[in-house]
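What follows is a set of notes on a single structure, which appears directly below.
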Amino acid sequence: MLSPATRTIIKATVPILEQRGTEITTTFYKNMLNEHTELLNIFNRINQKKGSQPTALATTVLAAAKHIDDLTPLLGHVKQIGQKHRALQIKPEHYPIVGEYLLKAIKEVLGDAATPEIINAWGEAYNEIANVFITVEKEMYKEAAWEAWKPFTVTSKELVASDIYEFTVAAEAGSGVDLTKLPIVAGQYITVNIHPTIQDNKYDALRHYSLCSIDPTQGLKFAVKLETSKGNPEGLVSEFLHEKVNVGDKIKLSAPAGDFALNEKLINQNEVPLVLLSAGVGVTPILAMLEQQIKANSKRPIYWIQSSRDEKDQAFKTKVDELLSKCETVTKEIVHTNKTERINGEFLQSKVPAHADVYICGSLEFMKGMIAHLKTLEHNDDLIHYEPFGPKMTTITV
């Protein structure tokens with residue numbers, strides 16, 4: 001347990017973390033990955049380049065500093081981050097490396113202001129925080145459907161939108177993975193471990209992809225959007241999967257993970273409607289949720305709101321229509337932003353029932369916008385659930 005003196009020092013650093021936290025974490029990642037290049041096989045370099053990962057870490061560090069007297073309010077965030085860590089196979093031996101370079105970054109950025117007392121206090125605090133993560137993640141490793149990375153074979157590759165492929169993969173014989181006995185929770189993701197042989201890449205690359213279906217009998221299904229910038233491929237893994245990985249090829253996966261899930265207490269009732277709100281490839285976990293809800297209770301009122309640039313970018317159109325046809329009470333809203341306004345507060349006020357349970361998935365910008373609109377409309381926070389495609393801590397205000 002941290003001493004009162006240590007906690008006092010940590011809380012005193014909150015203002016500087018609010019001002020320069022992202023500068024510290026950007027320096028941390030730069031130095032650590034330059035000196036431990038083996039970690040480039042784990043960390044998403046696109047998130048580093050865009051700044052989302054340093055921002056997420058800065059938010060996490062700031063939250064820990066503000067709650068250093070009692071970290072239990074952060075347990076929900078710890079579990080969410082822990083899910084990602086387990087999926088990426090982050091182990092206890094990685095934490096001392098992170099701690100070393102985080103303290104060095106604090107010293108480098110703050111200079112003489114980072115006194116020995118501050119560095120020592122943060123060293124103690126980091127160990128305390130790391131132990132919370134390690135404890136939570138230990139249980140997650142025990143509960144995982146399989147250990148480490150297992151080999152899978154691509155059995156289907158289907159274009160479901162102009163820039164999105166759905167992959168179906170089956171476990172290889174001898175892998176020890178029996179998909180027929182795998183309980184899939186709608187909203188979960190799998191993590192792909194491949195070695196792209198494009199863009200002069202030298203490292204393995206790990207990416208999370210949401211599962212499109214809760215039915216594993218034909219294999220695990222996940223969708224990948226080709227990430228582009230000014231019309232040119234930008235995402236290392238998405239380009240490799242789109243252009244180089246085909247039926248018969250092999251990839252490695254870690255077990256399904258994630259805490260984005262339907263409220264089980266509401267699935268079998270019909271008083272609280274279900275709103276499924278997505279944009280672009282964000283429809284993938286939302287589609288699995290629709291499938292789960294209909295399988296369990298097709299009488300519950302469902303509001304399906306899906307945004308895309310145009311009809312050819314509208315993913316899973318046929319599958320969505322097939323599932324919605326099984327609902328007894330459904331409202332379907334398709335928004336094509338090349339023809340109409342983007343979804344805004346006025347739209348949500350008119351289309352989303354005030355007592356509905358809302359699930360949202362899309363880009364970070366889409367998520368932040370939808371959450372802000374719903375909060376302005378005073379929608380109950382307990383009825384707003386979301387999964388951004390990117391570090392979730394970037395959407396959190398502490």
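Quick caveat, the model's predicted, so the values are computed rather than measured. Below, all heavy atoms of this structure are taken into account, side chains as well, without hydrogens, waters or symmetry copies.
Ion pairing of Asp215 with Lys221 is absent here, as no side-chain N (NZ or NE/NH1/NH2) approaches a carboxylate O to less than 4.0 Å. Taking a cutoff of 4.0 Å between a charged side-chain nitrogen and a carboxylate oxygen, Lys104 and Glu100 qualify as a salt bridge. Lys11 has a carboxylate O that lies under 4.0 Å from a charged side-chain N of Asp69, or vice versa, which qualifies the two as a salt bridge.
Asp357 pairs with exactly one of Ile384, Val275, Asn263 by the side-chain contact (heavy atoms from CB on, under 4.5 Å) rule, that one being Asn263.
Taking all atoms of both residues into account, the shortest heavy-atom contact from Ile267 to Ala296 is CG2-CB, 3.5 Å. In terms of heavy-atom proximity, Arg86 sits nearest to Pro256 at NH2-O, 2.8 Å.
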Side chain to side chain contact (heavy atoms under 4.5 Å, CB included) for Val177 and Leu182? Distances and angles first, verdict last. CA-CA 8 Å; Val177 177; Leu182 180 66; 5.8 Å; no
Pair Phe316, Trp304 - check ring pair (Phe, Tyr, Trp, His ring centres under 6.0 Å), show working. CA-CA 13 Å; Phe316 296 103; Trp304 178 267; 9.7 Å; no
Please lay out, stage by stage, how Glu108 and Asn31 fare under the test side-chain hydrogen bond (donor to acceptor under 3.5 Å, both in side chains). CA-CA 10 Å; Glu108 180 178 337; Asn31 293 343; 2.9 Å; yes
Could you check Asn246 against Val154 for side chain to side chain contact (heavy atoms under 4.5 Å, CB included), going step by step and ending with a plain yes or no? CA-CA 7 Å; Asn246 296 298; Val154 177; over 6 Å; no
Worked check of side chain to side chain contact (heavy atoms under 4.5 Å, CB included) between Ile90 and Phe133: CA-CA 11 Å; Ile90 301 295; Phe133 276 94; over 6 Å; no
Assess whether side chain to side chain contact (heavy atoms under 4.5 Å, CB included) is satisfied between Ile24 and Ile16, documenting all intermediate values. CA-CA 10 Å; Ile24 291 170; Ile16 195 67; 5.8 Å; no
Pair Thr6, Glu124 - check side-chain hydrogen bond (donor to acceptor under 3.5 Å, both in side chains), show working. CA-CA 8 Å; Thr6 295; Glu124 292 179 36; 3.1 Å; yes
Side-chain atoms of residues 337-349: list all donor-acceptor pairs with protein atoms under 3.5 Å, sequence neighbours left out, distances to 0.1 Å.
{"unit_1": "Asn344", "atom_1": "OD1", "unit_2": "Glu346", "atom_2": "N", "d": "3.2"}
{"unit_1": "Asn344", "atom_1": "OD1", "unit_2": "Phe347", "atom_2": "N", "d": "2.8"}

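Side-chain heavy atoms closer than 4.5 Å link hydrophobic residues (I, L, V, M, F, W, Y) into clusters, and following such links, even through other members, never connects Val283 to Val224. Neither Ile214 nor Ile302 shares a network with the other; the hydrophobic side chains, linked directly or stepwise wherever heavy atoms of I, L, V, M, F, W or Y lie under 4.5 Å apart, form separate groups for each.
Distance alone, capped at 3.5 Å, places no donor-acceptor pair between the Glu18 side chain and the Leu62 backbone. Side chain of Arg7 to main chain of Leu2: a donor-acceptor pair is present (N/O by atom type, distance under 3.5 Å, no hydrogens or angles). The main-chain N or O of Ala63 is found under 3.5 Å from a side-chain atom of His67 such that the two form a donor-acceptor pair. The backbone N or O of Pro301 sits nowhere less than 3.5 Å from a side-chain atom of Thr329 that would complete a donor-acceptor pair.
Heavy-atom contacts from other residues, nucleotides or ligands closer than 6.0 Å to CD of Glu93 number more than 12. Residue-environment remark: CD (Glu264) stays at or below the threshold of 12 foreign heavy atoms within 6.0 Å. The environment of CD in Gln199 is crowded: more than 12 heavy-atom neighbours from other residues, nucleotides or ligands sit within 6.0 Å.
At a threshold of 4.5 Å between non-hydrogen side-chain atoms, the residues Tyr203 and Leu236 do not count as touching. Counting heavy atoms from C-beta outward, Trp149 and Thr191 have side chains that approach closer than 4.5 Å. Counting heavy atoms from C-beta on, the side chains of Leu262 and His385 never come closer than 4.5 Å. In this structure, the side chains of Asn201 and Phe240 stay at 4.5 Å or more apart for every pair of heavy atoms. A 4.5 Å side-chain heavy-atom check between Met289 and Gln293 finds every atom pair outside the cut-off. Residues Asp249 and Ile251 form no side-chain contact, since every pair of their non-hydrogen atoms from C-beta on lies 4.5 Å or further apart. Using a 4.5 Å heavy-atom cutoff, the side chains of Ile164 and Thr284 are not in contact. Side-chain contact between Val98 and Phe28 is present, with at least one heavy-atom pair separated by less than 4.5 Å.
Using bins of under 30°, 30° to 60° and over 60° for the plane-to-plane angle, the ring pair His242/Tyr165 lands in the perpendicular bin. The aromatic rings of Tyr95 and Tyr126 sit tilted relative to each other, their planes meeting at an angle between 30° and 60°.
For the pair Lys30 and Tyr101, the cation-pi criterion (under 6.0 Å, within 45° of the ring axis) is not fulfilled.
Cys361 contributes atom SG, which lies 11.5 Å from atom CG of Leu287 (distance to the nearest 0.5 angstrom).
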